[in-house]
Participant: 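Dropping the structure in here first, questions after.
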Amino acid sequence: MIIQYTLFLFGLIWSFSIIKTQSIFNKKVGLIFKIFISKISWFSFLAACYFGFKNFSIKLTFIGIIASILLVQLSFSFIKKKLTEKFGEQKLLRFKTFFEISLIILIFYFILF
């Protein structure tokens, strides 16, 4: 039971963190990310919720869902704060732009070849 609930929480955290990652990118890359990755993550998140409702009580399922969403939100806020303090807003913006362009190039490369 404990192992199943731990795997349930891990699935929720994993899928919601990928969903949350979509909000970091700009609109163009976010659209590409949404088409290829985010839809699968939403399906995984909903499947994990269904697994929780099927195998655990409603109370435990809602606690797991709320805890995983809060954990991901707090983690993203903490990481953003620490990265901004360490590198500064300008360096992060340059890296983000470089990463987005690289991601677009890789996606086009894998689609064309």
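Heavy atoms only: backbone and side chains are in, while hydrogens, waters and symmetry mates are out. All residue numbers in this chain count up from 1 along the given sequence.
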Participant: Can you find a heavy atom in the side chain of Leu106 that is under 4.5 Å from one in the side chain of Phe110?
Facilitator: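 Counting from C-beta outward, Leu106 and Phe110 do come under 4.5 Å.
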Participant: Partners of Tyr5 by ring-ring contact (aromatic ring centres under 6.0 Å, His included), sequence neighbours excluded?
Facilitator: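 Residues passing ring-ring contact (aromatic ring centres under 6.0 Å, His included) with Tyr5: Phe8, Phe56.
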Participant: Hey, what do you get for CD (Glu100) to CG (Leu103), rounding to the nearest 0.5 Å?
Facilitator: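 CG of Leu103 is found 8.0 Å from CD of Glu100.
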Participant: Between Ile58 and Phe51, is there shared hydrophobic-cluster membership here, with clusters defined by ILVMFWY side-chain heavy atoms closer than 4.5 Å?
Facilitator: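 As far as the 4.5 Å side-chain criterion goes, Phe51 and Ile58 are not connected within one cluster.
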Participant: Drop me the distance from Leu83's CG to Phe95's CZ, to the nearest 0.5 angstrom.
Facilitator: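 The CZ atom of Phe95 is 9.5 Å from CG of Leu83, to the nearest 0.5 Å.
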Participant: Looking at Leu112, I'd like to know if its CG atom is crowded, meaning that more than 12 non-hydrogen atoms belonging to other residues, nucleotides or ligands lie closer than 6.0 Å.
Facilitator: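 Count over threshold, so yes.
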Participant: Side chains of Cys49 and Thr61, heavy atoms from C-beta outward: is any pair under 4.5 Å?
Facilitator: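 No - every pair of side-chain heavy atoms lies 4.5 Å or more apart.
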Participant: Check this for me: Lys96, atom NZ, are more than 12 non-hydrogen atoms of other residues, nucleotides or ligands nearer than 6.0 Å?
Facilitator: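 Correct, the count exceeds 12.
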Participant: Out of curiosity, does Leu92 fall in the hydrophobic cluster containing Phe98 (side-chain heavy atoms, cut-off under 4.5 Å, transitive links)?
Facilitator: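 No, it is not one cluster - the side chains of Phe98 and Leu92 are not joined through contacts under 4.5 Å.
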Participant: So does Phe62 have more than 12 non-hydrogen atoms from other groups sitting under 6.0 Å from CZ?
Facilitator: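 Not more than 12 within 6.0 Å, no.
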Participant: Crowded around Leu70 CG? As in, over 12 foreign heavy atoms under 6.0 Å?
Facilitator: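 Yes, because the 6.0 Å sphere around CG of Leu70 holds more than 12 heavy atoms from other groups.
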Participant: When rounded to the nearest 0.5 angstrom, what distance separates CZ in Phe16 from OG in Ser41?
Facilitator: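 With rounding to 0.5 Å, CZ (Phe16) is 11.0 Å from OG (Ser41).
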Participant: Is there side-chain contact between Lys82 and Phe78, with heavy atoms separated by less than 4.5 Å?
Facilitator: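 Yes, their side chains come closer than 4.5 Å.
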Participant: Assess the pair Tyr50 and Phe45: is the distance between their ring centroids shorter than 6.0 Å?
Facilitator: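 No, the ring centres sit 6.0 Å or more apart.
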Participant: A side-chain contact here means heavy atoms from C-beta on lying under 4.5 Å apart; do Phe76 and Thr21 qualify?
Facilitator: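 Yes; the side chains approach each other to less than 4.5 Å.
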Participant: Just verifying a value: how many Å separate Lys91 NZ and Leu93 CG, rounded to the nearest 0.5 Å?
Facilitator: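 That separation rounds to 13.5 Å.
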Participant: Tell me whether Glu85 at atom CD has more than 12 heavy atoms from other residues, nucleotides or ligands lying less than 6.0 Å away.
Facilitator: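 More than 12 within 6.0 Å, yes.
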Participant: What pairs with Lys20 under side chain to side chain donor-acceptor pair (under 3.5 Å), at least two apart in sequence or on another chain?
Facilitator: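 Side chain to side chain donor-acceptor pair (under 3.5 Å) check on Lys20 returns Gln73.
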Participant: Report the distance from atom CG of Leu60 to atom CG of Leu9, rounding to the nearest 0.5 Å.
Facilitator: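 These two atoms lie 9.5 Å from each other.
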Participant: Can you list the residues that meet the ring-ring contact (aromatic ring centres under 6.0 Å, His included) rule with Phe113, with sequence neighbours excluded?
Facilitator: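 Only Tyr109 meet the ring-ring contact (aromatic ring centres under 6.0 Å, His included) criterion with Phe113.
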Participant: If you round to the nearest 0.5 Å, how far is CG of Leu46 from OG of Ser15?
Facilitator: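 If I round to the nearest 0.5 Å, the distance is 8.5 Å.
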Participant: Restricting to non-hydrogen atoms, name the atom on Val72 and the atom on Ile13 that form the minimum distance, rounded to 0.1 Å.
Facilitator: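 Looking at all heavy atoms of both residues, the closest pair is CG2-O, 3.8 Å.
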